[in-house]
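The structure appears right after this line, and notes come after that.
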Amino acid sequence: MFIAANWKMNLNKKQIQEYIVHLENFQFNDRVKACIFPSFIFIDYLSSLILDKSISLGSQNCHFETNGAFTGDISPYSLKQYGCEYVILGHSERREQYNENNNFIKKCAHSAIDAGLMPIICVGESIEIRNSGNAINFIKSQIDECLPENCKDIYIAYEPMWSIGTGIMPNNNEIEEIHSLIKNEAVKKNIDTIKVLYGGSVKPDNAEKIMSIDNVDGTLIGGASLNVKDFLAIYVAAVKQLNVIS
Ligand code: PEP
């Protein structure tokens with residue numbers, strides 16, 4: 001299981017320090033990975049705070065070029081140098097607000113892999129697409145167009161846009177349907193290992209239910225990850241779920 005905290009453009013230095021203090025005596029489980037995605041400016045600071053803890057570090061985005069004239073962007077190689085292991089690509093906020101398209105995301109994924117980062121590629125339909133009955137085809141084409149060639153391992157986050165930050169969620173069958181579709185599409189592309197995370201209004205009170213759904217390998221959490229107690233409660237729900245299946 002993989003539990004990802006996407007802090008977006010939130011938390012200042014003091015708040016990050018307080019957050020990490022709360023994790024100090026927490027017993028992380030080897031089979032449930034926790035990963036925090038702070039804003040770029042705090043990656044180094046967070047890395048210095050979590051040096052000896054079982055938490056991984058990730059970035060919320062990266063550019064597809066190694067270096068060059070890309071003002072305001074960040075190279076996957078720089079992220080790697082600062083201790084990142086994962087990078088979120090194609091979050092719906094990037095797609096909507098910065099016009100990132102499938103082709104751009106695929107190039108970023110290639111470059112992230114070359115730099116030694118694991119991409120977490122976000123896919124998800126709008127409410128209009130869901131209501132028109134086209135969610136399956138839409139996700140299929142996102143997977144087809146975003147997934148890098150010749151990659152062995154990949155993470156995908158299924159994040160229905162209408163569920164992000166709204167408190168509204170797909171039902172269990174809808175989540176299972178899309179997660180198994182994503183896994184089947186990845187098999188067609190000869191990917192050895194694919195992990196599919198669910199993202200969208202994950203909270204402590206629904207986390208156990210979400211993680212009990214077939215083909216859910218973890219969660220990508222936005223709002224609830226800003227509160228360390230909520231984040232840990234979701235983490236504990238993942239551990240409980242693992243104990244149920246094993
Ligand atoms: C997100 O933005 O990736 C997300 C899942 O947000 P939230 O958990 O707040 O719905």
Side-chain angles (χ1 to χ4, degrees), residues 1-11 16 19-20 23-24 26-67 73-91 94 105-123 146-148 150-159 182 186 191-199 202 211 216-222 225-226 228 231-232 234-235 238-239 242:
M1 286 270 183
F2 189 91
I3 307 298
N6 177 13
W7 285 353
K8 309 190 184 186
M9 200 173 71
N10 293 299
L11 301 187
I16 292 174
Y19 195 106
I20 299 303
L23 303 180
E24 229 129 66
F26 186 80
Q27 279 303 112
F28 285 94
N29 183 304
D30 285 350
R31 294 161 68 210
V32 181
K33 185 172 276 294
C35 184
I36 299 179
F37 299 77
S39 51
F40 289 140
I41 190 81
F42 293 125
I43 286 174
D44 193 31
Y45 179 58
L46 186 58
S47 161
S48 72
L49 295 180
I50 62 175
L51 222 47
D52 57 347
K53 306 205 173 57
S54 329
I55 304 165
S56 294
L57 198 58
S59 162
Q60 297 173 16
N61 204 20
C62 72
H63 198 267
F64 59 81
E65 289 288 358
T66 309
N67 57 278
D73 263 311
I74 190 130
S75 159
Y77 286 87
S78 309
L79 295 170
K80 184 71 185 171
Q81 274 186 343
Y82 277 85
C84 286
E85 291 176 65
Y86 298 86
V87 57
I88 296 173
L89 297 173
H91 190 281
R94 301 291 315 175
I105 293 158
K106 183 176 181 171
K107 287 202 277 185
C108 294
H110 270 293
S111 161
I113 291 168
D114 288 347
L117 298 172
M118 171 63 76
I120 301 177
I121 298 179
C122 299
V123 297
C146 289
L147 248 54
N150 306 320
C151 83
K152 285 177 73 61
D153 311 317
I154 198 93
Y155 280 54
I156 305 284
Y158 171 52
E159 299 210 306
I182 292 172
I191 295 171
D192 290 341
T193 315
I194 175 152
K195 300 243 183 270
V196 186
L197 314 179
Y198 172 78
V202 178
M211 271 166 306
V216 171
D217 301 310
T219 55
L220 177 48
I221 318 157
S225 75
L226 297 174
V228 66
F231 176 62
L232 288 179
I234 295 169
Y235 182 93
V239 175
L242 269 188

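Everything numeric in this text was worked out from a predicted model, so none of it was measured.
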[X]: ring-ring contact (aromatic ring centres under 6.0 Å, His included) partners, not counting sequence neighbours:
{"X": "Y82", "result": "none"}
{"X": "H63", "result": "F70"}
{"X": "Y45", "result": "none"}

Steps toward side-chain contact (heavy atoms from CB on, under 4.5 Å) verdict (S59, V87): CA-CA 5 Å; S59 162; V87 57; 4.2 Å; yes
Specify the closest pair of heavy atoms between [X] and [Y], including all atoms of both residues, with the distance to one decimal.
{"X": "I43", "Y": "P38", "value": "CG1-CG, 3.9 Å"}
{"X": "I194", "Y": "D217", "value": "O-OD2, 3.9 Å"}
{"X": "P76", "Y": "A112", "value": "CB-CA, 4.0 Å"}
{"X": "G90", "Y": "I105", "value": "CA-CD1, 3.4 Å"}
{"X": "V32", "Y": "A238", "value": "CG1-CB, 3.9 Å"}
{"X": "I121", "Y": "A109", "value": "CD1-CB, 4.0 Å"}

I113: partners by side chain to side chain contact (heavy atoms under 4.5 Å, CB included), with sequence neighbours left out: P119, P148, C151
With T193 via side chain to side chain contact (heavy atoms under 4.5 Å, CB included) - residues at least two apart: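 T193 satisfies side chain to side chain contact (heavy atoms under 4.5 Å, CB included) with D153, K195 once adjacent residues are dropped.
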Contacts of K80 that satisfy salt bridge (Lys or Arg N to Asp or Glu O under 4.0 Å) - sequence neighbours left out: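 Salt bridge (Lys or Arg N to Asp or Glu O under 4.0 Å) check on K80 returns nothing, list empty.
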Qualifying side-chain hydrogen bond (donor to acceptor under 3.5 Å, both in side chains) pairs with a residue from residues 105-119, counting only residues at least two apart or across chains: K106-E149
Of all residues at least two apart in sequence or in a different chain, which pass the side-chain hydrogen bond (donor to acceptor under 3.5 Å, both in side chains) check with [X]?
{"X": "Y158", "value": "E125, R130"}
{"X": "D192", "value": "K152"}
{"X": "N29", "value": "none"}
{"X": "S56", "value": "K33, E85"}

If you look only at distance, which donor and acceptor atoms sit under 3.5 Å apart when one is on a side chain in residues 2-11 and the other is two or more places apart or in another chain?
residue, atom, partner, partner atom, Å
N6, OD1, K8, N, 3.1
W7, NE1, S225, O, 3.3
K8, NZ, E93, OE2, 2.8
N10, ND2, W7, O, 3.0

Any donor-acceptor N/O pair, T219 side chain to I221 backbone, under 3.5 Å: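 No.
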